[in-house]
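Structure first, commentary second.
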Amino acid sequence: MQGFWKNYFVFNRKERRAVIILLILLCCFIALPYLYHPPAVKPFVNKDLQRFLEERVKEKQDLPGYAQPETVDNSKLPQKLFYFDPNMATAHQWQLLGVRKSLSKTILHYLEKGGRFRKAADLYKIWGMQREIADELIPYVRIATNQFQQKTVAAKFYTQTKPGGLKAGGIDINTASADDWKSLPGIGEVLAARIIRYRQKMGVFRSVEQVGKTYGLTDTVFVAIKPFLRIDSAYSPRIDLNRVSADRLQELLYLSPGIAQSIVLYRKQQGAFERVADLKKLILISDTMYQRISPLLEIKQP
């Protein structure tokens, strides 16, 4: 047995030299990465590709709904507890409830993407929401389940968190500033900017319902703010039924391509409309549709 171990751990002169050389080589290979630093190679920059990407980024910044990146703001306002609907609360209201400014923006972004709070305990699911804050807020959560409750809660929110309450007559949708829009329940900085961009694209809002077509504005929030919206007739010029194109009919009155084309085709075949009521002669124009679009149309004398 002793001879067995001796055969593996006893080396002659040549074997000892070979082992030493192998150990030296092994140490060299281990130390090489720490001792050798290859010269840094300057990366190749494709200037044409770089210019192309910069142009795409600039185009993206001009799109509706684009928001410049902001630094994280963890500031908080002095806490003031009141009953609230998390589906309609503004960023300012969330901050009054003790939520950080950055977290309030996260919540509004979640709502703008179609998210919804269905029960008070859903506050725990918000990433970044401290459990202590959620525990304090849950007893004050009142989630509206129908349109009447949404209007009532929205009005209550406004008077609770805005000095002086709701201004008489609400806001004019064609002259309201970003601050005016942000004062409404459920409207944050991003949505306010989107509504204004959409208004600029349309030229002018011709009905309150057009505000509800803004990208990211959910039906729940629109129903909540609708009682506070008004339109000044001076900013809602009517559309000349005998001159408007099919594309403009689709864009301004939200008509389907088929109905818009049928109006233009009827005008070409039968001659100019003598009165707006002549639209009732078209089979595709229902009584409900006529009542909706007729106040926005007129017949101008040549």
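Every value quoted in this text rests on a predicted model; they were computed, and no experiment measured them.
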Please determine whether side-chain contact (heavy atoms from CB on, under 4.5 Å) holds for the pair Val244 and Leu297, giving the CA-CA distance in whole Å, both sets of side-chain angles, and the decisive distance to 0.1 Å. CA-CA 10 Å; Val244 66; Leu297 299 171; 5.7 Å; no
Taking side chain as C-beta onward, heavy atoms only, is Leu184 less than 4.5 Å from Ile187? yes
Within a reach of under 6.0 Å around CD1 of Ile283, are more than 12 heavy atoms found that belong to other residues, nucleotides or ligands? no
With the side chain counted from C-beta on, respond yes when Glu209 and Lys226 share a heavy-atom pair under 4.5 Å apart, and no when they do not. yes
Looking only at heavy atoms, what is the nearest atom pair of Ala121 and Ile138, with distance? CA-CD1, 4.2 Å
Taking atom CD1 of Ile293 and atom CD1 of Ile239, what is their separation to the nearest 0.5 Å? 9.0 Å
From CZ (Arg118) to CG (Asn87), nearest 0.5 Å: 8.5 Å
Count I, L, V, M, F, W, Y as connected when their side-chain heavy atoms are under 4.5 Å apart, and connections chain through other members. Are Tyr140 and Ile126 then in the same cluster? yes
Audit row: Val208, Arg230, side-chain contact (heavy atoms from CB on, under 4.5 Å) steps and yes/no: CA-CA 7 Å; Val208 171; Arg230 63 181 175 82; 6.0 Å; no
For Asp85 and Ile143, indicate whether the former's side chain and the latter's backbone hold a donor-acceptor pair under 3.5 Å. no
Straight-line distance of Arg243 CZ to Glu298 CD, nearest 0.5 Å: 9.5 Å
Looking only at non-hydrogen atoms, find the nearest pair between Gly188 and Lys182 and report the distance. O-CG, 3.6 Å
Please lay out, stage by stage, how Asp180 and Ser177 fare under the test side-chain hydrogen bond (donor to acceptor under 3.5 Å, both in side chains). CA-CA 5 Å; Asp180 293 333; Ser177 64; 3.2 Å; yes
Taking the cut-offs as 6.0 angstrom to the six-membered ring centre and 45 degrees off its axis, would you call Arg131 and Tyr124 a cation-pi pair? yes
Gln95 CD to Ser102 OG distance, which is reported to the nearest 0.5 Å: 9.0 Å
Can you name the nearest heavy-atom pair linking Gly128 to Arg100, along with the distance? O-NH2, 3.5 Å
Would you please classify the geometry between the Trp94 ring and the Phe84 ring as parallel, tilted or perpendicular, with 30° and 60° separating the classes? perpendicular
Test of understanding: clusters of I, L, V, M, F, W, Y form through side-chain heavy atoms closer than 4.5 Å, transitively. Do Val264 and Ile299 belong to the same one? yes
Measure the spacing between CD1 of Ile107 and OG of Ser104 and express it to the nearest 0.5 Å. 7.0 Å
Tyr266 and Leu279: CA distance, side-chain angles, deciding distance, side-chain contact (heavy atoms from CB on, under 4.5 Å) verdict: CA-CA 9 Å; Tyr266 179 89; Leu279 282 174; over 6 Å; no
With a 4.5 Å heavy-atom cut-off, do Thr214 and Phe222 have their side chains touching? no
Nearest non-hydrogen partners of Ile171 and Ala176, listed with the distance: CD1-CB, 3.9 Å
Answer yes or no: is there a side-chain heavy-atom contact under 4.5 Å between Lys105 and Glu189? yes
Give the intermediate values and the outcome of side-chain contact (heavy atoms from CB on, under 4.5 Å) for residues Lys300 and Leu241. CA-CA 8 Å; Lys300 291 185 177 180; Leu241 186 57; over 6 Å; no
Are Ile196 and Trp181 side-chain neighbours, meaning at least one heavy-atom pair lies under 4.5 Å? yes
Tell me, do Leu229 and Asp172 make a side-chain contact under 4.5 Å, heavy atoms counted? no
Would you give the length of the straight line joining atom CG of Leu282 to atom CE of Met289, rounded to the nearest 0.5 angstrom? 10.5 Å
So do Asn242 and Arg267 actually touch side chain to side chain, heavy atoms under 4.5 Å? yes
Closest approach of Leu97 to Leu137 (non-hydrogen atoms, all atoms of both residues): O-CD2, 3.5 Å
Just wondering, do Phe205 and Ile195 contact through their side chains at under 4.5 Å, heavy atoms? yes
Smallest separation among heavy atoms of Ser262 and Leu284, with atom names: OG-CD1, 3.9 Å
